[in-house]
Amino acid sequence: MSSEEKLMENFMRKIEAEEKIEPKDWMPKAYRKNLIRQISQHGHSEIIGMQPEGNWLTRAPSLRRKAVLLSKVQDEAGHGLYLYSATETLGISRAELIAALQDGSAKYASIFNYPTQTWADVGAIGWLVDGAAIVNQISLQRTSYGPYARAMVRICKEESFHVRQGYEMMIALAQGSPAQKALAQDALNRFYWPALMMFGPHDSESAHSARSMQWKIKRETNDDLRQKFVDQTVAQIEFLGLQHPDADIKWNEETGHYDGGELDWDEFYSVINGNGHCNRQRIEHHVAAHEEGAWVREAMQAYREKQRNKAHKQAA
Ligand SMILES: [Fe+2]
Ligand SMILES: [Fe+2]
């Protein structure tokens, strides 16, 4: 057995035994590459995801709503930072990650390319978008790469607060005036389908699924996770007294799950490929913010150099 084969055998033994793979452990090149893609894509989603909701910060209808939303958006920045740090442990720099986001070679969740047209969208996003994210993230707490799994534990705690703030807002709107209820229904109608698409293509179409499952990067398939979300959302919509956006939703006695209508996959791929409402705007905004922050990075660099020179002089 070659030394490479031995390393591979040891790697697979750890995976089978549910031991975590840590940054300094040997790992197959494709495992590293796959993780860099998945964790950075996740980190970019947290960062770009701040924009649609941040859009409503200055127009929140009360001080309480504004404080809640502000803290939620700040949480998302924190999630992005944990995830970038986890990605950096795989041997890629923050600057490379940001460059890949800005030149379009790295993706982020397509849902954030949809505009937030009304205040109710902020509620629908917390409830449905963070709700779909958490279904996925709970299963990722058991992912095989240690830094990613540990980041997920902390992120999930905060995500559950995000879901509750969104749903609480939807309750307030759904129980409000007829106009408020109509806003809630409209936001539900627009965000329900893109939220289902967050789980990615069907398992049969998913490019990365099989290997990611074998290496336990992913712990449940796209379709299984999506089904969980569909099932839990039915009762929540009922409780709000709103109409389900999927006219075909129906309990299936045999499978013990809800069956629903097929998703519009043309829309899914069109948004992924850059033709969503806000793709260009999101990246332009990110580039502008990054450029505006250049002086902070330069000042940090200058300070670090000054400290280093001081230490050198003292040592001499
Ligand atoms: Fe988040
Ligand atoms: Fe969140």
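When a ligand or atom number is given, it counts from 1 through the structure's own listing order.
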Can you say whether the rings of Phe229 and Tyr192 are parallel (under 30°), tilted (30 to 60°) or perpendicular (over 60°)? parallel
Scan for side chain to side chain donor-acceptor pair (under 3.5 Å) pairs involving residues 75-93, sequence neighbours excluded, and state none if there are none. His44-Tyr84, Glu46-His79, Lys72-Glu76, Asp75-His162, Glu76-His79, Glu76-His162, His79-Glu158, His79-Glu159, Tyr82-Arg154, Thr89-Tyr145, Ser93-Glu96
Any pair counted as side chain to side chain donor-acceptor pair (under 3.5 Å), so long as it reaches residues 237-253, sequence neighbours left out: Asn252-Asp259
Geometric class of the His277/Tyr114 ring pair [parallel <30°, tilted 30-60°, perpendicular >60°]: tilted
Under 2.8 Å from the Fe ion (ligand 1), how many protein N/O/S atoms do you get? Just the number, please. 4
Report the distance from atom OG1 of Thr221 to atom CG of Asp203, rounding to the nearest 0.5 Å. 3.5 Å
Set of residues satisfying side chain to side chain contact (heavy atoms under 4.5 Å, CB included) with respect to Gln41, sequence neighbours excluded: Arg37, Lys107
